[in-house]
Amino acid sequence: MEKEILNELSKIINDEIVNYSEIKMLYEEKQKILVCHKIDALLNINIEINEKIKTLKRISNKRRYMTAKEGHPELTMSELIEKARKNDRELSEKFTEQKEQLNRLANEIRAIDDTNIELTKQGMMITSKMLNVIVDSGILGSAEYNKSGKNRQSMELSSIIENV
């Protein structure tokens with residue numbers, strides 16, 4: 001591969017790294033939101049995450065397009081490092097650093113996402129228990145009334161009048 005193309009690929013990979021870093025920050029923010037149970041903020045952060053993921057896909061497609069144009073449609077980072085090593089040792093080392101950064105970020109995002117999933121499950125369990133309490137208390141309260149909404153237990157009006 002030509003040095004110009006390798007340099008362009010390096011820039012694209014830097015864009016991917018920046019985007020992954022932004023996604024990581026959003027996942028960390030999402031974790032804080034899940035801990036605080038802020039439902040409205042959760043919706044907004046999920047929208048932001050989805051937008052960043054779309055951007056990341058566009059960047060990745062740009063890299064695939066460039067490598068496909070050079071006859072390597074599914075070029076891995078390891079293969080890219082080897083191709084760069086033939087032309088430019090320094091660029092090869094840069095690709096190696098970028099690969100390590102991408103792997104580190106991907107692992108960190110995966111760990112944060114796993115925690116977020118567990119926090120979501122816990123929140124759903126709490127919500128379910130709260131709904132059960134609400135439903136159960138509603139059933140107990142409604143058991144005192146018939147279908148027309150009248151109290152099933154009739155109070156003796158005469159005893160109330162006599163006491164007044």
Side-chain angles (χ1 to χ4, degrees), residues 1-139 141:
M1 276 189 172
E2 293 180 26
K3 190 170 181 174
E4 287 178 28
I5 292 170
L6 292 172
N7 284 325
E8 185 64 30
L9 285 170
S10 179
K11 289 177 187 176
I12 292 170
I13 293 169
N14 277 336
D15 290 344
E16 285 180 306
I17 290 169
V18 167
N19 206 28
Y20 271 115
S21 297
E22 291 169 355
I23 289 171
K24 179 187 170 206
M25 288 189 305
L26 289 172
Y27 270 85
E28 289 170 339
E29 189 175 331
K30 180 178 180 176
Q31 192 172 68
K32 292 174 187 172
I33 291 168
L34 286 168
V35 169
C36 296
H37 303 290
K38 296 179 181 178
I39 303 303
D40 294 338
L42 184 61
L43 178 63
N44 293 333
I45 199 75
N46 281 334
I47 290 170
E48 287 183 58
I49 288 170
N50 285 334
E51 289 302 315
K52 287 292 177 188
I53 290 171
K54 287 177 187 175
T55 301
L56 183 63
K57 286 181 181 179
R58 283 193 298 272
I59 295 168
S60 294
N61 286 338
K62 186 177 178 181
R63 179 166 51 109
R64 280 193 201 100
Y65 173 76
M66 282 194 69
T67 57
K69 199 165 69 171
E70 292 297 310
H72 308 285
E74 297 296 323
L75 189 67
T76 65
M77 283 297 291
S78 297
E79 293 169 340
L80 183 59
I81 291 166
E82 285 303 313
K83 291 196 179 299
R85 190 170 285 141
K86 294 175 186 175
N87 294 335
D88 187 344
R89 188 93 170 139
E90 187 177 311
L91 196 55
S92 174
E93 289 173 9
K94 185 174 182 179
F95 283 133
T96 301
E97 290 172 16
Q98 289 174 324
K99 178 183 176 183
E100 290 169 1
Q101 280 182 301
L102 285 170
N103 285 335
R104 181 183 46 78
L105 284 167
N107 288 330
E108 289 171 355
I109 291 169
R110 192 174 300 115
I112 295 167
D113 191 42
D114 289 346
T115 302
N116 289 351
I117 289 170
E118 290 304 315
L119 286 169
T120 302
K121 287 179 185 177
Q122 183 180 13
M124 290 173 66
M125 285 178 16
I126 291 169
T127 302
S128 176
K129 287 179 182 180
M130 288 173 59
L131 283 173
N132 286 338
V133 168
I134 292 168
V135 168
D136 289 346
S137 67
I139 290 172

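In this structure, the salt bridge (charged side-chain N to carboxylate O under 4.0 Å, His left out) partners of K52, at least two apart in sequence or on a different chain, are E22. Under the salt bridge (charged side-chain N to carboxylate O under 4.0 Å, His left out) criterion, R110 pairs with no residue at all, not counting sequence neighbours. For N46, the side-chain hydrogen bond (donor to acceptor under 3.5 Å, both in side chains) partners are K30, not counting sequence neighbours. Looking at residues two or more places apart in sequence or on another chain, you find a side chain to side chain contact (heavy atoms under 4.5 Å, CB included) between E29 and L26, I33, I45. The salt bridge (charged side-chain N to carboxylate O under 4.0 Å, His left out) test applied to E108 returns K24, R104, not counting sequence neighbours. The side-chain hydrogen bond (donor to acceptor under 3.5 Å, both in side chains) search around S21 returns none, not counting sequence neighbours. Judged as a salt bridge (charged side-chain N to carboxylate O under 4.0 Å, His left out), and not counting sequence neighbours, E97 has no contacts. The side-chain hydrogen bond (donor to acceptor under 3.5 Å, both in side chains) check on D113 picks up nothing, with sequence neighbours excluded. Residues passing the side-chain hydrogen bond (donor to acceptor under 3.5 Å, both in side chains) test with K38, sequence neighbours excluded: none.
What you find for L105 and Y20 is that their closest heavy atoms are CD1-CB, 3.8 Å. Annotation for F95 and L80: closest pair CE2-CD2, 3.6 Å, computed over non-hydrogen atoms.
The CD1 atom of I81 sits 10.0 Å away from the CG atom of L91 when rounded to the nearest 0.5 Å. Atoms OG1 and NZ, on T67 and K69 in that order, are 10.5 Å from each other to the nearest 0.5 Å. Note that CD1 of I23 and CG of N50 are 10.0 Å apart. Values are rounded to the nearest 0.5 Å. Atom-to-atom distance recorded for I47:CD1 and L42:CG is 10.0 Å, nearest 0.5 angstrom. We find the OG1-NZ distance between T76 and K99 to be 7.0 Å, quoted to the nearest 0.5 Å.
S92 places no side-chain N or O within donor-acceptor distance of the main-chain N or O of A84, the cut-off being under 3.5 Å. At least one donor-acceptor pair under 3.5 Å links the side chain of S60 to the backbone N or O of L56. With hydrogens and angles ignored, the 3.5 Å screen pairs no side-chain donor or acceptor of N116 with any backbone N or O of L34.
Residues in residues 58-67 take part in these salt bridge (Lys or Arg N to Asp or Glu O under 4.0 Å) pairs, two or more places apart or across chains: E16-R63.
Counting heavy atoms from C-beta outward, K83 and L75 have side chains that approach closer than 4.5 Å.
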What pairs of donor and acceptor atoms, side-chain ones from residues 4-15 against any protein atom, are under 3.5 angstrom apart with sequence neighbours left out?
residue, atom, partner, partner atom, Å
N7, ND2, K3, O, 3.3
S10, OG, K94, NZ, 3.4
S10, OG, Q98, NE2, 3.3
N14, OD1, Q98, NE2, 2.9

Which donor-acceptor pairs under 3.5 Å do the side chains of residues 124-131 make with protein atoms, sequence neighbours left out?
residue, atom, partner, partner atom, Å
T127, OG1, G123, O, 2.8

